[in-house]
Novice: 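I have a structure I would like to understand better, so I am pasting it below and will then ask my questions one at a time.
Everything numeric in this text was worked out from a predicted model, so none of it was measured. For reference, positions follow the sequence shown, starting with 1. These numbers come from the heavy atoms of this one structure, side chains and all, not from hydrogens, waters or symmetry mates. We count ligands from 1, going down the list as the structure has it; atoms in each ligand are counted the same way.
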Amino acid sequence: MADDVLVDIRGLKKYFPLRKGLSGFSPLKVKAVDGVDLQIRRGECFGLVGESGSGKSTIGRCILNLVRPTAGLIRFGDKIIFSDGGLRSGGLKSGGIHLSYKEMLPLRRDMQIIFQDPTASLDPRMRIGEIVAEGIKKHRIVSGADIEKKTGDVLELCGISRDLSSRRPGEFSGGQKQRIGIARALALNPRFIVADEPLSALDVSVQSQILNLMGDLRRTLGLTFLFISHDLRTVEYFCDRIGVLYLGALTETGSSADIIDKPLHPYTRALFSSIPRDNPGVKRRRIQLKGEIPSAINAPPGCKFHPRCLHAVDLCAQKTPVLEDAEPGHQVACHRWRELAAAVNGETAALGI
Ligand code: SF4
């Protein structure tokens with residue numbers, strides 16, 4: 001694994017069993033994540049996008065060990081968090097590993113989460129100072145009188161006056177509650193943050209303020225982010241690289257510029273075609289996807305996107321495409337990406353763009 005990689009995911013799968021009445025479990029499974037390879041570099045913001053049910057949040061929760069994967073390997077820095085034992089890591093057979101709660105504790109302070117709904121994630125009975133100080137005490141970040149100082153410092157870093165420490169979450173607006181949630185995460189001096197749809201429960205008017213706060217914190221503290229969102233404009237603004245998920249599998253990964261301005265996968269093209277470009281030189285036709293995303297219980301064979309793809313051929317229903325390098329740092333999983341890219345380039349040339 002390259003030194004600059006902080007989070008390394010190989011062949012990650014997470015299948016959820018389906019309940020069958022009161023009698024037990026059905027043999028059917030929800031394949032929420034179905035074979036994902038992903039590397040997040042130190043200091044970068046990696047955006048995961050896709051429709052609801054594509055597996056974005058499940059990947060974040062697997063990395064944080066809040067959900068136990070079904071198969072694959074997850075490494076954080078030089079520590080393996082999960083391995084099914086079937087993969088080789090650094091040339092060594094790693095063996096089956098799943099860290100216990102106690103074994104995860106030292107890593108917990110390094111990796112934190114910002115939740116989607118700040119109201120639901122903050123205990124309404126606690127004072128906000130207690131909420132932020134809880135982790136500081138548990139992980140012994142500082143002790144004694146320094147706990148109060150650290151709590152106040154981190155609240156103010158997130159734009160909440162330390163004088164408000166004795167108030168309860170119900171006395172704050174949605175945007176302020178999200179600032180408190182961010183302060184709680186930062187109180188442990190983490191290196192890595194999973195931001196799971198951190199703006200979607202907020203008013204549009206405060207979304208940009210929270211986004212700017214996260215950007216400032218990222219720069220000043222050198223944080224690494226996994227930014228999960230269905231808001232493509234936000235991802236474009238905040239993320240260095242983007243991974244596009246469809247039914248638990250990556251269809252394309254690359255720099256934000258590559259994914260947004262030179263998408264290769266038909267699904268990526270359709271997703272981002274809805275975003276108007278600021279650059280008047282880049283013309284884009286809106287592509288309307290047909291149908292709904294199929295169920296993750298009974299995903300289509302071959303390319304999972306084929307029932308909705310405007311370019312599907314027989315091969316697409318028979319063979320699963322794998323992620324391959326289209327150019328350095330840009331991967332795509334589509335049998336026809338070369339000919340489709342050539343067609344797009346021809347169309348662009350014909351338009352004189
Ligand atoms: Fe479409 Fe086939 Fe490519 Fe899948 S592999 S995106 S169905 S052209």
Novice: Given the ring of Y15, does K13 sit roughly above its face, with NZ or CZ under 6.0 Å from the centre of the six-membered ring and within 45° of the axis?
Specialist: no
Novice: Within a distance under 4.0 Å of any heavy atom of H265, pick out the atoms of ligand 1 and give their elements.
Specialist: 6 (S)
Novice: Between D258 and K262 (salt bridge meaning N to carboxylate O under 4.0 Å), is one present in this structure?
Specialist: yes
Novice: Nearest to atom 5 (S) of ligand 1, what protein heavy atom do you find, and at what distance?
Specialist: H335 N, 3.4 Å
Novice: If I take every N, O or S atom of C309, is at least one of them less than 2.8 Å from atom 3 (Fe) of ligand 1?
Specialist: no
Novice: At under 4.0 Å between heavy atoms, is it the side chain or the backbone of C303 that contacts ligand 1, or both, or neither?
Specialist: side chain
Novice: Does a side-chain N-to-carboxylate-O contact under 4.0 Å join D240 and R41?
Specialist: no
Novice: Considering heavy atoms of the protein only, find what lies nearest to atom 2 (Fe) of ligand 1 and give residue, atom and distance to 0.1 Å.
Specialist: C316 SG, 2.3 Å
Novice: Can you say whether the rings of F192 and F76 are parallel (under 30°), tilted (30 to 60°) or perpendicular (over 60°)?
Specialist: tilted
Novice: On the ring face of F172, is K177 found with NZ or CZ under 6.0 Å from the centre and within 45° of the axis?
Specialist: no
Novice: Students often mix this up, so state it plainly: with edges at 30° and 60°, are the rings of H265 and F305 parallel, tilted or perpendicular?
Specialist: tilted
Novice: Enumerate the atoms of ligand 1 whose separation from the nearest heavy atom of P266 is less than 4.0 angstrom.
Specialist: 6 (S)
Novice: Which protein heavy atom lies closest to atom 3 (Fe) of ligand 1, and at what distance to 0.1 Å?
Specialist: C334 SG, 2.3 Å
